[in-house]
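Written out below as structure tokens is the structure these notes cover.
A, B, ... follow the sequence lines: proteins, then strands. Residue 1 opens every chain.
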2 protein chains.
Amino acid sequence: MKKYTIKDIAELAGVSKGTVDRVIHKRGKVSQKALDKVTKILGEIDYQPNPIARNLKNNKVYQIFVVLPDPKEDNFWAPCVEGVNQAVEEFRSFLVDIRLFFYKPTSTASFKEVNKKVLELEPDAVLLSPLFHKESISAVNNYRSAGIVVSTFNSQIVLEEAINYVGLDLYQSGRVAAKLMHTIVPDTHDIVICHFDETLNNAIHMQQKEKGFRDYFSELDGADYTILTLSVDQTNPDLSLVNFLKSQDKAFGFFVTTSKSYNLVEMLQGQRQKNIKVIGYDLLDENIDLLKKDMISFLIHQSPRTQTYLGLTYLIEHFLFNKEMPNKKLLPIGIVNSENLITYL
Amino acid sequence: MKKYTIKDIAELAGVSKGTVDRVIHKRGKVSQKALDKVTKILGEIDYQPNPIARNLKNNKVYQIFVVLPDPKEDNFWAPCVEGVNQAVEEFRSFLVDIRLFFYKPTSTASFKEVNKKVLELEPDAVLLSPLFHKESISAVNNYRSAGIVVSTFNSQIVLEEAINYVGLDLYQSGRVAAKLMHTIVPDTHDIVICHFDETLNNAIHMQQKEKGFRDYFSELDGADYTILTLSVDQTNPDLSLVNFLKSQDKAFGFFVTTSKSYNLVEMLQGQRQKNIKVIGYDLLDENIDLLKKDMISFLIHQSPRTQTYLGLTYLIEHFLFNKEMPNKKLLPIGIVNSENLITYL
DNA sequence: CCAAAAAATGTGCTCGAACACACAAAAAAA
DNA sequence: TTTTTTTGTGTGTTCGAGCACATTTTTTGG
């Protein structure tokens with residue numbers, strides 16, 4: 001349990017702490033004889049440099065910038081800001097400077113602009129929500145060539161070199177929804193996958209979720225579900241399919257791939273159909289309300305707050321304490337009903 | 001964003017750092033004039049002592065001992081040990097010494113003995129699983145009068161002074177199970193609450209869960225469920241009620257309040273009754289197996305691994321970085337089905 | 001009024017790692 | 001052999017907080 005210091009090693013090897021330091025950091029200027037002596041000791045004991053002392057001398061304020069959509073434009077991002085604030089609070093007395101940068105979730109131009117600005121400010125690390133796939137890859141590459149550490153959250157992007165990611169396995173979350181649907185809805189119901197979004201930003205998101213959902217049912221045997229896909233552009237809602245559904249007296253199960261379940265429920269609420277089950281994503285106030293009223297059966301929790309909080313924590317502890325960062329942290333896919341809801345808030 | 005040091009304050013107030021130190025730590029021996037000057041500056045700026053520098057001088061190896069049931073006796077505790085190991089790994093290079101102490105979950109004598117041993121070793125903190133209520137209170141009091149910090153996990157005990165706790169709200173977890181049962185089982189089914197345990201250690205546990213479960217249904221209107229309670233002593237299983245259930249051709253929903261769902265399924269599997277739904281606790285291998293086979297509908301995850309990991313993290317960061325410990329950390333009540341299972345492992 | 005006691009204040013060292021710099025020893029050039 | 005250069009080694013300082021101890025200032029009592 002003894003913790004060795006550089007001084008201890010120096011004494012054991014019969015050299016000075018400067019020499020030990022040079023050996024450890026491979027700074028050269030060490031004779032073969034001295035190198036052998038120190039290497040021998042290092043092999044015998046388990047030397048762990050004291051990360052606290054190391055950082056003390058460093059005495060550098062690490063700048064970590066968080067880039068994400070403006071929660072005023074889409075409330076889904078509000079908990080992410082809370083997660084950031086929690087990290088700020090928790091590391092207030094440490095030498096870190098965390099700043100928030102918002103972009104418009106509907107504008108790739110805004111995304112580019114904000115990333116350009118952040119790049120010019122030369123932070124030590126960026127925690128990024130890579131909403132736009134192509135632009136994100138280019139942004140990440142820019143950061144990297146400037147020697148800036150990049151972590152991502154909420155949606156995964158694929159790059160040659162691994163990139164840190166904190167978030168859900170979206171494909172699997174689709175499967176989770178499917179399993180829940182299968183549990184609460186018999187195959188006499190038709191199942192509708194709903195894509196709700198202002199634009200097609202979330203295209204990859206939604207595709208991954210749909211794929212998981214459909215895969216689950218196609219792997220099923222002994223059950224015959226009909227599964228439809230419905231895309232709704234919120235700004236100009238094409239109600240034809242919805243109207244069709246309303247006209248039917250059939251029972252339905254809806255899987256909403258975005259946080260906009262409440263929109264679907266709104267659209268359907270004129271017609272009081274009893275045999276409708278809705279499964280969606282995210283604990284927005286509007287969704288919570290409907291979950292409590294049993295008009296939504298389950299919500300899948302993407303833990304937005306935890307995503308930014310954890311992402312930041314990993315970065316901070318990496319810089320301050322030389323801790324290793326997991327390069328992929330997949331969060332538990334939370335199934336939320338009206339009763340475990342409060343434990344997630 | 002500027003981080004002030006004692007030296008900064010000393011210069012601003014026109015005194016020496018020694019005087020500032022005496023003011024901050026209220027060590028006295030300071031004139032009214034100097035005190036006023038320093039207090040004024042302290043009021044103007046936001047001084048946060050650098051926790052890293054503080055701890056450097058301290059240079060103390062903190063001993064934190066974990067007391068929990070032997071996982072060899074009850075496999076439920078194995079993930080707790082993993083959580084401990086994760087914390088050990090993560091803080092390897094810090095000045096902490098974490099040790100495990102096991103007691104027999106069936107023996108209060110063993111519990112007492114282990115706690116006595118730990119008390120004599122005088123650690124700085126103890127993370128305790130307070131399985132036996134009365135004995136736990138006495139153990140906690142002993143630790144406290146010896147100036148040892150105590151945190152608890154997995155089950156809550158009530159004391160005059162608040163005690164740190166990391167774990168589930170068990171009452172609420174009962175309600176979650178009830179909501180799930182209500183979602184998947186119509187009121188033509190009878191519902192059976194099953195208490196499985198070797199001894200009655202878990203009495204409080206199970207009572208809290210049962211209360212939550214029953215409360216949910218009694219608050220329900222427009223549905224008429226019949227709810228029975230079945231206690232099974234595993235060492236000498238009284239099968240009378242089980243036999244009764246088998247003889248019936250009715251459909252049932254079972255809520256198992258312990259991790260022993262697999263025992264129930266075992267007992268019932270002779271009679272292939274289709275209309276049986278089981279909801280239980282904990283991701284034991286046996287339960288996981290049945291969850292995948294759809295013979296258990298949902299498992300409630302108590303996050304044993306996270307409980308010890310978080311409990312330790314709080315203690316370590318409290319000692320090393322003067323971070324505040326939340327005195328009650330209620331973890332999310334995880335609803336697990338066959339698809340989100342892997343995200344919890 | 002002055003010495004002694006008491007109170008107030010400042011200085012200096014420690015913790016461990018990191019690195020600059022000074023110095024010493026060996027090797028190369030004169 | 002002497003003077004440079006090169007290479008190797010050790011010493012000393014820094015970071016910020018905390019506390020022991022030395023020093024200065026003020027107060028008290030004879």
Side-chain angles (χ1 to χ4, degrees), chain A residues 1-39 41-42 45-62 91-96 319-323, chain B residues 1-39 41-42 45-62 91-96 319-323:
Chain A
M1 212 52 243
K2 163 125 184 71
K3 309 273 177 179
Y4 290 93
T5 70
I6 293 238
K7 211 177 137 197
D8 293 330
I9 298 169
E11 276 165 23
L12 287 166
V15 294
S16 75
K17 65 196 181 82
T19 304
V20 175
D21 182 72
R22 275 182 289 269
V23 172
I24 288 170
H25 294 92
K26 298 194 177 82
R27 275 196 252 280
K29 315 221 168 192
V30 177
S31 68
Q32 192 61 47
K33 222 172 84 185
L35 191 127
D36 289 345
K37 280 193 289 186
V38 175
T39 321
I41 300 295
L42 285 176
I45 63 159
D46 173 35
Y47 172 64
Q48 302 278 359
N50 184 331
I52 287 173
R54 169 179 294 185
N55 184 264
L56 178 65
K57 180 60 203 299
N58 240 3
N59 202 31
K60 173 180 159 48
V61 177
Y62 290 95
F91 292 95
R92 176 172 297 289
S93 50
F94 290 84
L95 299 181
V96 282
F319 286 126
L320 291 187
F321 308 130
N322 286 73
K323 277 204 193 169
Chain B
M1 212 53 240
K2 163 123 184 77
K3 309 274 178 179
Y4 290 94
T5 69
I6 292 238
K7 212 178 136 196
D8 293 330
I9 298 169
E11 275 165 21
L12 286 167
V15 294
S16 74
K17 67 193 184 87
T19 304
V20 174
D21 182 73
R22 274 181 289 268
V23 172
I24 288 169
H25 295 91
K26 300 196 177 79
R27 275 196 254 278
K29 311 219 171 196
V30 177
S31 69
Q32 192 61 45
K33 221 172 84 187
L35 191 128
D36 290 344
K37 282 194 288 186
V38 175
T39 321
I41 300 295
L42 285 176
I45 63 159
D46 173 35
Y47 172 65
Q48 302 277 0
N50 184 331
I52 287 172
R54 172 179 291 182
N55 184 264
L56 179 65
K57 181 60 203 296
N58 239 4
N59 203 31
K60 173 179 159 50
V61 177
Y62 290 95
F91 292 95
R92 175 172 298 291
S93 51
F94 291 84
L95 299 181
V96 283
F319 286 125
L320 292 187
F321 309 129
N322 287 74
K323 277 207 195 166

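Per the geometry, NZ belonging to A:Lys60 stands 15 Å off P belonging to D:dG16, to the nearest Å. Between B:Lys57 atom NZ and D:dT14 atom C1' the separation is 16 Å, expressed in whole Å. The distance from atom CD of A:Gln32 to atom P of D:dT7 is 15 Å, rounded to the nearest whole Å. One atom, CD1 of B:Ile52, and another, C1' of D:dA17, lie 12 Å apart when rounded to the nearest Å. One atom, CD1 of A:Ile6, and another, P of D:dT9, lie 16 Å apart when rounded to the nearest Å. Atom NZ in B:Lys3 sits roughly 16 Å away from atom C1' in D:dA17 (whole-Å rounding). Between B:Leu56 atom CG and D:dT14 atom C1' there is a gap of 12 Å when expressed in whole angstrom units. We find that CG of A:Asn55 is positioned 12 Å from C1' of D:dG16, with the value rounded to whole Å.
Near DNA chain C, defined here as any heavy-atom distance below 4.0 Å, the residues from residues 13-29 of chain A are A:Lys17, A:Asp21, A:His25, A:Arg27, listed numerically.
Atom CG in B:Leu35 sits 10.0 Å away from atom NZ in B:Lys26 (nearest 0.5 Å). Put simply, CD on A:Gln32 and OG1 on A:Thr39 are 8.0 Å apart, with the number rounded to the nearest 0.5 Å.
When the local axes at the two ends of the helix from C:dC1-D:dG30 to C:dA27-D:dT4 are compared, using 5 base pairs at each end, they differ in direction by 70° after rounding to 10°.
For the pair A:Phe94/A:Leu320, a side-chain contact is recorded, criterion being any heavy-atom separation below 4.5 Å from C-beta on. A 4.5 Å side-chain heavy-atom check between A:Ile9 and A:Leu42 finds at least one atom pair inside the cut-off.
For D:dT9, the OP1/OP2 oxygens have a side-chain nitrogen or oxygen of A:Ser31 closer than 4.0 Å. Between B:Asn58 and D:dG18, a side-chain N or O to OP1/OP2 separation shorter than 4.0 Å is absent.
For an aromatic pair to be called close, the ring centres must be under 6.0 Å apart, and A:Phe321 with B:Phe321 satisfies this.
For B:Ser93, the side chain to side chain donor-acceptor pair (under 3.5 Å) criterion is met by no residue, not counting sequence neighbours. For the salt bridge (charged side-chain N to carboxylate O under 4.0 Å, His left out) test, residues two or more places apart in sequence or in another chain that qualify with B:Lys323 are A:Glu90, B:Glu317. Residues that satisfy the side chain to side chain donor-acceptor pair (under 3.5 Å) test with A:Lys7, not counting sequence neighbours, are absent from this structure. Applying the side-chain contact (heavy atoms from CB on, under 4.5 Å) criterion to A:Asn58, with sequence neighbours excluded, gives A:Asn55, A:Tyr62. Shown here are the salt bridge (charged side-chain N to carboxylate O under 4.0 Å, His left out) partners of A:Asp8, two or more places apart in sequence or in another chain: A:Lys2. Residues meeting the side-chain contact (heavy atoms from CB on, under 4.5 Å) test with A:Arg22, sequence neighbours left out: A:Thr19, A:Arg27, A:Lys29, A:Val30. Residues forming a side chain to side chain donor-acceptor pair (under 3.5 Å) with A:Lys60 (at least two apart in sequence, or on another chain): A:Asp124. Annotation: side chain to side chain donor-acceptor pair (under 3.5 Å) contacts of B:Tyr47 (sequence neighbours excluded): none.
Residues A:Lys3 and B:Arg92 approach most closely at NZ-O, 2.8 Å, considering heavy atoms.
For DNA chain C, the outermost nucleotides in 5' to 3' order that have an atom under 4.0 Å from a heavy atom of chain B are C:dA8 to C:dG16.
In terms of position on DNA chain C, the residue among B:Ala34 and B:Asn59 whose nearest nucleotide sits closer to the 5' end is B:Ala34.
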For nucleotides 22-28 of chain D, give me every protein contact, N/O to N/O, under 3.5 Å, one pair per line with atom names.
none

